Every structure is written in structure tokens, then in C-alpha cells.
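For clarity, every value in this text was computed on a predicted model and none was experimentally measured. Order of listing sets the numbers, starting from 1, for every ligand and every atom in it.
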Amino acid sequence: MPSKVKDAGLAKQGKLRIEWAESRMPVLMKLRREHSESKPLSGMRIGGCLHITTETAVLVRTLKAAGAQTSWSGCNPLSTQDDVAAALAEEDIDIFGWRGLSKQEYYWCIERVIDMKPNLTLDDGADLVFTLHETHAEQTKEVVGGTEETTTGVHRLRALAGEGKLRYPIIGVNDAETKWDFDNVYGTGQSSIDGIIRATNVLIAGKNLVVGGFGHCGRGIALRAKGLGANVIVTEVEPVKALKAAMEGFRVMPMIEAAKIGDIFITATGCKDVITSKHFNVMKDGAILSNTGHFNVEVSVSDLEKLAKAKREIRANNTEYTVADGRRLYLLAEGRLVNLAAAEGHPSEVMDMSFANQFLSLIHLAKEGKSMKPGVYEVPKELDRKVARIKLQTMGMNLDELTPEQTRYVQGYGEGT
Ligand SMILES: NC(=O)c1ccc[n+]([C@@H]2O[C@H](COP(=O)([O-])OP(=O)(O)OC[C@H]3O[C@@H](n4cnc5c(N)ncnc54)[C@H](O)[C@@H]3O)[C@@H](O)[C@H]2O)c1
């Protein structure tokens, strides 16, 4: 099946942007060089469902250099960069996706990936794995393993495994330290603010900016917004997370209170219905609403649609909803991940680490997957540390090493006061 992309004519621009990303991803490029002769992924058919961005293109090229055959779809209807998809299609990489997919088209693209009968899967949000399990269960016998990129996907897979229904081993790449503590914090932090700015061009300084959820992504966003001069307000459901936010200097309150004073809202919870009609009803005229959690269920778009008397696209990725009393609320990127839909997603430097984890985890599964029981696994610790070590080297930084004496000290109990 040939690729299906929006406009093959965009390939030249896409190639240049991929080349730029490659120049910013030294860890993955080093791994590509190291594995392009031994080809540890020979014989592997990798089905991918992951945002089609420049960084993903660097990963796909690396998988191919290591011997894999790949077939790819995007994992969100609004995140595909059409020039990148065109560039990959021109390189004979099977790719199915374009920006602005309907739900039906979205699953059509995933089905095309399943057509290649993958024996490894790489997912972001678990829609590929769920489609395989729900409608092609017999095909899962051929799959030796998979990886999952994001928090929401790992949650869904753990729930499936908890019911005994997961049919092959999956490594939760999201939970690697060199992924979760960097990509979600610094990547989502910077790129979500970037998305809000591109869609609005508002000044962040002096604004009341409400962050829903103070986990990895929420903390990153709050810190970056604070740096730009926002008065950051955090909403949470976990007391320890709320306390951490308070001690970082942020005000913590329930969303119903924050709704009355917020100028800009961004959700990052992985939960649903964080902002609904009861919140819209008390918001200020001009409030800006956005989400960076995986699915478009955190800001209730259906509630907003019901309340609205009029709706128009006022800027790219910015829809104005006018409610009955005349207040105007602005929803960015249709409530989908604002950083990928209204900006370019995470900077390449941080995806370098996430995708190095993906690459090493897939090689691990190609070797070991057959002997692993179905379940959700962690990235092996030595791979996580390897990624950190190479990243530091590429940043020109070195570490101290414990002396034998220090090792004995930290592992022993003999020396006290
Ligand atoms: N936009 C992106 O590029 C991007 C990148 C990484 C992760 N994600 C997604 O972002 C979401 C969050 O990921 P994370 O790694 O920060 O997860 P996390 O588990 O570290 O943090 C989520 C936080 O939200 C809080 N929370 C849950 N329900 C809430 C509610 N109703 N109201 C307020 N707070 C609530 C939790 O207590 C937790 O502290 C997930 O959907 C993940 O898949 C998006």
C-alpha cells in the first residue's frame, strides 16, 4: 500500500526541517551510527502510531538504518506536520497521516499500519495497541513486543494488563527517568507555552495562568509561565502534588475558584472534564482555554459547544465562542494538545532522549520479547542510564566517579559519628 499524505510537493521543505532536527539529536544519531552495520532490527516490522513530526522522522530513519521495516501513522488528528510526512513518503517509508484527519480517517491510517502485520509496535496513547487487540486479536500472536510513549498510554495499558487482557509485553518508555523527568517537564513546559503564544500572541507577563494538574507536564508549564511573569495558579486532586505546587510559590485552589480569575487556562492531567460548563459559566470575558494532556477531553468541548450562541475561527488554532450573556471564550487547537497542534511539539534536544529510549527498548524487545510474558515493563535501568550518560557527553559535561572507598562507605553502615 503506497503512503497517503496531504501534499507530496512539501517533501523538500520537510527534508530540510528533518536535517535540522538531526543536527539537534546527537544521542539518537550516535545510536544510528553504532547500529547501522550490525542491524539489530533486521526482520522486525515496526508498526508506529506517533505524532508525525521532524523528531519522529529522525527516529524512523534510525529504525530503518538498524534494519527495521516500518509503517507509520500519526497519533493525533491535528499533530501531523505535512511536510515531514511528504519527506518520509519520498524516502519510501510507508506513512499514513495528514493534519486535520476526521476520526474515521484517523482509524483508517492505523488500519493501514496494521496491514503490514507488525511484529513490534510503537504507540503514543495506545490507540494502535487497542485497535490491534479489539479488531485484529489473532494478529497479536505475531507481535513480540511494543513500546508506549506517553503517560496516558501507559495508564490505559496497565488497566488492560490489570484485567489480564494485554496480549504481549510492552515497555512503558514514558516512565524512564530520562523521558518522564525531561520530555514531559521541559519539553511540554516550553512547547505548550509556545503553542499558546503562537495561537494568541498574548503577553504572558501579568496574566493569571491556571494550570490543571501539577504532575510532570503541569510542573514544567507552571515553571516556564512563572519565568515569563505569569501569576500561576495550580489545581490538583492529589494533596502531595498540591503541596509541592504551593511550596514552589504557586497559589493552589479548586478549578471552580480559579475559573473566576483565570486569564489563560491549560490542562495537563490525563483526566477528563477538568474544565466544564460550571467553570465556563463563571469565567471572565476573553478567557483563553487550552489543553496539553493526551486526549481532547480535559476541557469539555461538547459543553462549550452547547453553551455557545456563536462560534468563529478568529486566528489559526483559536476559536472564539460567544455565550448567551455575551462573554467570549477562546478555545485553542480544538482542545487538543496545544503544543503539537498550534506549535511544533517538543524541541528536538529533549526528544533526543525520549527516542533514544524508544530505539534501545525496541532493540531489547527484538532480542528478549519472545521470552517476556504479556505485561507493562519499565525501560531497563541500564538503558535509561546509558541515555543520560551519552546525553551528558554530547553536552560536553563529565561526571565524578565514586572511589572504591566511597563505594564501601555509601553501601556500608560501619561509619557513624
Ligand atoms: N502535550 C504533550 O506533548 C505531552 C507530553 C507528555 C505527556 N502528555 C500527556 O499529558 C498528560 C499528563 O502527563 P504527566 O506525565 O504530567 O502525568 P502525571 O501523572 O505526572 O501528572 C498528572 C497530574 O494531574 C493530576 N490530576 C489528575 N486528575 C486531575 C484533575 N481532575 N484535576 C486536577 N489535577 C488532576 C494528578 O494528580 C497528577 O499530579 C497525560 O495525558 C500525558 O499523556 C502530553
Quiz item: Counting heavy atoms only, which part of Thr269 comes closer than 4.0 Å to ligand 1: side chain, backbone, both or neither?
Solution: both
Exercise. May I ask you to check if ligand 1 and Ser192 share an N or O to N or O distance below 3.5 Å?
Key: no
Quiz prompt | Geometric N/O contact Lys179 with ligand 1, under 3.5 angstrom | solution = no
Quiz item: Side chains of Ser191 and Asn339: do they bring a donor and an acceptor to under 3.5 Å?
Solution: yes
Quiz item: If you measure only the distance, is there a donor-acceptor pair under 3.5 Å linking the side chains of Ser79 and His51?
Solution: yes
Quiz item: Parallel, tilted or perpendicular for His216 and Trp180, by the 30°/60° rule?
Solution: parallel
Practice problem: Could you see which bit of Trp180 sits under 4.0 Å from ligand 1, with heavy atoms only: side chain, backbone, both or neither? | Solution: side chain
Exercise. Quick one: sort the Phe96 and Trp108 rings into parallel, tilted or perpendicular, breaks at 30° and 60°.
Key: perpendicular
Quiz item: Numbering the atoms of ligand 1 from 1, which are under 4.0 Å from a heavy atom of Gly270?
Solution: 11 (C), 40 (C), 41 (O)
Quiz item: Is Lys272 in polar range of ligand 1, meaning some N or O pair under 3.5 Å apart?
Solution: no
Exercise. Look only at interatomic distance and state if Thr150 has a nitrogen or oxygen under 3.5 Å from any nitrogen or oxygen of ligand 1.
Key: yes
Self-check item: For atom 30 (C) of ligand 1, the protein heavy atom that lies nearest, with its residue and separation
Solution: Val237 CG1, 3.6 Å
Quiz item: Which option, Lys241, Glu298, Glu236, owns the non-hydrogen atom nearest atom 36 (C) of ligand 1?
Solution: Glu236
Quiz item: Is it true that the side chains of Glu149 and Gln358 contain a donor and an acceptor less than 3.5 Å apart?
Solution: yes
Quiz item: Quick check, are the ring centers of Phe265 and His279 under 6.0 angstrom apart?
Solution: no
Quiz item: Taking all atoms of both residues into account, what is the closest heavy-atom pair of Phe214 and Lys241, and its distance?
Solution: O-CD, 3.4 Å
Quiz item: Just which atoms of ligand 1 are under 4.0 Å from any heavy atom in Thr152?
Solution: 40 (C), 41 (O), 42 (C), 43 (O)
Quiz item: Is it the side chain, the backbone, both or neither of His294 that has a heavy atom closer than 4.0 Å to ligand 1?
Solution: both
Exercise. Write out the residue and atom name of the closest protein heavy atom to atom 2 (C) of ligand 1, then the distance separating them to 0.1 Å.
Key: Asn339 ND2, 3.4 Å
Quiz item: What do we get for Thr151 next to ligand 1 when only non-hydrogen atoms under 4.0 Å count, side chain, backbone, both or neither?
Solution: both
Self-check item: Donor-acceptor side-chain pairing of Glu55 and Thr53 below 3.5 angstrom
Solution: yes
Quiz prompt | Residue, atom name and distance, where the atom is the protein heavy atom closest to atom 21 (O) of ligand 1 | solution = Gly215 CA, 3.1 Å
Self-check item: Under 3.5 Å: N/O of Leu340 near N/O of ligand 1
Solution: no
Self-check item: Contact atoms of ligand 1, heavy-atom distance to His346 under 4.0 Å
Solution: 2 (C), 3 (O), 5 (C)
Quiz item: Taking NZ, NE, NH1 and NH2 as the nitrogens, is one of them in Arg24 or Asp352 under 4.0 Å from a carboxylate oxygen of the other?
Solution: no
Practice problem: Look at Glu19 together with Lys15 and state whether they make a salt bridge at an N to O cut-off of under 4.0 Å. | Solution: no
Quiz prompt | Any N/O pair His216/ligand 1 closer than 3.5 Å | solution = yes
Quiz item: Nearest protein heavy atom to atom 12 (C) of ligand 1, by residue and atom, and its distance?
Solution: Ala268 O, 3.6 Å
Exercise. Under 4.0 Å from a heavy atom of Glu238: give me the atoms of ligand 1 that qualify, with their elements.
Key: 37 (O)
Practice problem: Take every heavy atom of Met255, measure it against each atom of ligand 1, and state whether any distance is under 4.0 Å. | Solution: no
Exercise. Before accepting this row, confirm whether a basic side-chain N of the pair Arg158/Asp175 lies closer than 4.0 Å to the acidic partner's carboxylate O.
Key: yes
Quiz item: Taking non-hydrogen atoms only, is Thr292 closer than 4.0 angstrom to ligand 1 via side chain, backbone, both or neither?
Solution: both
Quiz prompt | Nearest-contact summary for atom 28 (N) of ligand 1 - protein heavy atom, Å | solution = Cys271 CB, 3.4 Å
Quiz prompt | Atom indices of ligand 1 within 4.0 angstrom of Gly293 heavy atoms, with elements | solution = 9 (C), 10 (O), 11 (C), 41 (O)
Quiz prompt | Atoms of ligand 1, numbered as shown, that sit under 4.0 Å from any heavy atom of Cys217 | solution = 6 (C), 7 (C), 8 (N), 10 (O), 13 (O), 14 (P), 16 (O)
Self-check item: Sole candidate of Leu132, Asn76, Ile110 that passes side-chain contact (heavy atoms from CB on, under 4.5 Å) when paired with Asp127
Solution: Ile110
Quiz item: How close does the nearest protein non-hydrogen atom get to atom 5 (C) of ligand 1, and which residue and atom is it?
Solution: Thr188 OG1, 3.2 Å
Quiz item: Any cation-pi pair here, Lys226 with Phe250, using under 6.0 Å and within 45°?
Solution: yes
Quiz item: With the threshold set at 4.0 Å, does a side-chain nitrogen-carboxylate oxygen contact exist between Glu236 and Lys244?
Solution: no
Quiz item: Does Lys381 come within less than 4.0 Å of Glu177, counting only side-chain N to carboxylate O?
Solution: yes
